[in-house]
Amino acid sequence: MKHLLSQLLYEAVQTLKSQGDLPADLDVEIGLERTRDRRHGDFASNLAMVLCKPARSKPRDLADRLVAALPDSELVSRVEIAGPGFINFFLGPSACHATIAQVLEQGERYGRSDFGKGKSVQVEFVSANPTGPLHVGHGRGAAYGATVADLLAATGYRVHREYYVNDAGRQMDILATSVYLRYLDLCGEEVTFPANGYKGDYVWDIAASLHREHGDALRHAVAEVFAGVPADEPQGGDRELHIDALIRRCRELLGAERYRETFDLGLNSILHNIRTDLEEFGVHYDDWFSERSLTESGMVERAVQRLEQAGYTYEKNGATWFRSTDFGDEKDRVVVRENGQSTYFASDIAYHMNKLERGYDRVIDVWGADHHGYVPRVKAALQALGDDADRLDVLLVQFAVLYRGGEKVQMSTRSGEFVTLRELRHEVGNDAARFFYVMRKCEQHMDFDLDLAKSQSSDNPVYYIQYAHARIASVLRQMPDKGMQWDAETGTQNLHLLTEAHEDALMVNLSRYPEIVAGAALKHEPHAVAHYLRELANDFHTYYNAHQFLIEDPALRNARLNLIQATRQVIANGLGLLGVSAPDSM
RNA sequence: GCGCCCGUAGCUCAGCUGGAUAGAGUACCGCCCUCCGAAGGCGGGGGUCACAGGUUCGAAUCCUGUCGGGCGCGCCA
């Protein structure tokens, strides 16, 4: 619809150019928007105001000439010039009727587009360290990333969804050590658990399965394990030195093979838990990319070498530094440590290098906002490698703060005191969780009200929208009892009978849906869909209260049934994009 | 100290790449089921768009500064 109107304006501009009213070489961008106020028509253009300078004319005079040059169209009933020089388009009834027909014909496909023209985009999201279950903070990234990916897929992009698994590094060693210490406890050893260890119950579970598998075969006396290990923080020592020494001791005592086994047991069971959680949440991935594989395949080494060859590295204090300040970063970064090990950042450079090498047209990272300081250095690395850093978009998701009974719920991963995503899902349900997470734009701090999400009342926007869908389904279910049936063909022929203001409002909003989806995808803003659905549901509920659908007159009845069927379809499509179900009854 | 994000109704938030009289929900008050689900609808009060400058036909929106809140500034991941 919007596109068609833009075309009309474009032709009018061409006509004025040929008449000499506008410079022939002028580059014109057609501005056309939905109006806020129905009195201003359906669409408005500020073209005359934008072009008044080059045309050396008053905005309203120019608007007059533009309107005179507009080609006729059956969709447009009239055009007005208003205010400082807006050109307002009033659509005719046939435009609305075309929308209904389109929705019913396209069904689930209504709202989809080929905007992306088949370009490929990779979306990486969540990518939480597999050192524990996903918590509610990860939930927002999961819901947001999944919805952005789905929106892009709906608008014609080829989407690849990926989870980056941090299966290497010190945090994983701390997990493995935590598991082993709990295992020793199960063997009957008196273990003083390190301050820096992972204390969650899931560590006990993993230790238990280690114990089931091996019995006491991996047991070593506590005195032996803690031999030569410096004091922990509660004993006046340093928690970092303490845990690092413990990791070394575990490696030595277990041997490389057994240590790796313990490590992998922890990794795999947590990863399995994460995958299940996300699957149940309706969040699917095409690939789980292993950080370890980057090192093992030599990709990290190659990335560092490429930086060296490009001349952006130097040696200092025995370490290799990347001169990221050359690309606007605030300080240079270490890529290879003094001890010869590459840093996490080096892996990340390699990973992003790999992403771009895979040839995606666009790469999107969804990160927690606490990682925002990381963006400049990753982009710097890509530039240094000679890649186009603009192909990478980093979307930062702010934290969600949980409220229960008006109180803030406090969390900390290390101490094991956190609300898991699973607990949240079980408490409020997947639908409410998915919806609430994307209800706010990602850079907005979010207050997640558990009591509201749980409430099955009008306060809860999820139920409000789902209720509209269920109501329509309910109406349709009752037709047989009244000896009626829906005849779409008759409905289509009688759409001209839909003359009520409520019907007009509903039809206009149905026609907006494709624009909403395209805009939400383009700007990575799923919340626009959530807000739109709220409005659409409101239009329907208002209509429902004001008029009857199951009436005697078959012409009007079927026309109205066409309209509410189309509404039901759009609600279902929209909720589907958000990963929320559209139930026929509640 | 430096950097990023955010300040809009009592509360939670929209406000589309600058556009016409700043909008929803919630809370509060008052109405509406012999009628397809009242998990609904209608009406009412409630705002210095944090503050001060600037850009222009026009600023909640863009720029600069100030104040307030969140987060980040490791040879951690």
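Letters go in sequence order (proteins before strands), and every chain restarts at 1.
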Considering only side-chain heavy atoms of [X], which listed nucleotide, [options], is closest?
X       : options                : result
E338(A) : A38(B), C75(B), C4(B)  : C75(B)
Y467(A) : C71(B), G40(B), C73(B) : G40(B)
F86(A)  : G19(B), C75(B), C71(B) : G19(B)
W321(A) : G19(B), C5(B), C75(B)  : C75(B)
E443(A) : C6(B), A77(B), G19(B)  : C6(B)
D370(A) : G72(B), A77(B), C5(B)  : G72(B)
R471(A) : A38(B), C13(B), A20(B) : A38(B)
R534(A) : U12(B), C35(B), G25(B) : G25(B)

Would you please confirm or rule out a distance under 4.0 Å between OP1 or OP2 of [N] and any side-chain N or O of [X]?
X       : N      : value
H469(A) : A39(B) : no
Q398(A) : C4(B)  : no
T542(A) : C42(B) : yes
R337(A) : C76(B) : yes
K316(A) : C75(B) : no
N538(A) : G41(B) : yes
Y464(A) : G41(B) : yes
R440(A) : G15(B) : no
K441(A) : G15(B) : yes

_With a 6.0 Å cut-off (strictly less than), is the heavy-atom count around CD of Q485(A), excluding the residue itself, greater than 12?_
no
Would you say E552(A) has more than 12 foreign heavy atoms packed within less than 6.0 Å of its CD?
no
Taken to the nearest whole Å, CD/E330(A) to C1'/C71(B) is 13 Å
Using a heavy-atom cut-off of 4.0 Å across all strands, would you classify [X] as base, sugar-phosphate, or nothing?
X       : result
F345(A) : nothing
M49(A)  : base
N129(A) : sugar-phosphate
R34(A)  : base
A546(A) : nothing
M586(A) : base
A168(A) : sugar-phosphate
S347(A) : nothing
A528(A) : nothing
N88(A)  : base
H40(A)  : base
H371(A) : base

Counting only Watson-Crick or G-U wobble pairs whose two distances fall under 3.5 Å, which nucleotide matches [N]?
N      : result
G47(B) : none
C67(B) : G7(B)
C57(B) : G19(B)

Item checked: Short side-chain donor-acceptor distance under 3.5 Å, T131(A) and Q171(A) ->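 Absent: no donor and acceptor within the cut-off.
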Any side-chain donor-acceptor pair under 3.5 Å between R34(A) and S511(A)?
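A donor-acceptor contact under 3.5 Å links the two side chains.
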* To do: Say whether, by atom type as modelled, one donor and one acceptor occur between the side chain of T343(A) and the main chain of V334(A) under 3.5 angstrom.
  => yes
Does a salt bridge link D264(A) with R292(A), judged by any charged N lying under 4.0 Å from a carboxylate O? yes
(message) Can you see whether F322(A) has R333(A) sitting over its ring - NZ or CZ less than 6.0 Å from the centre and within 45° of the normal?
(response)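 Not satisfied by the 6.0 Å and 45° rule.
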Would you say F549(A) stacks on C36(B), if stacking means ring centres under 5.5 Å apart and planes within less than 30 degrees? yes
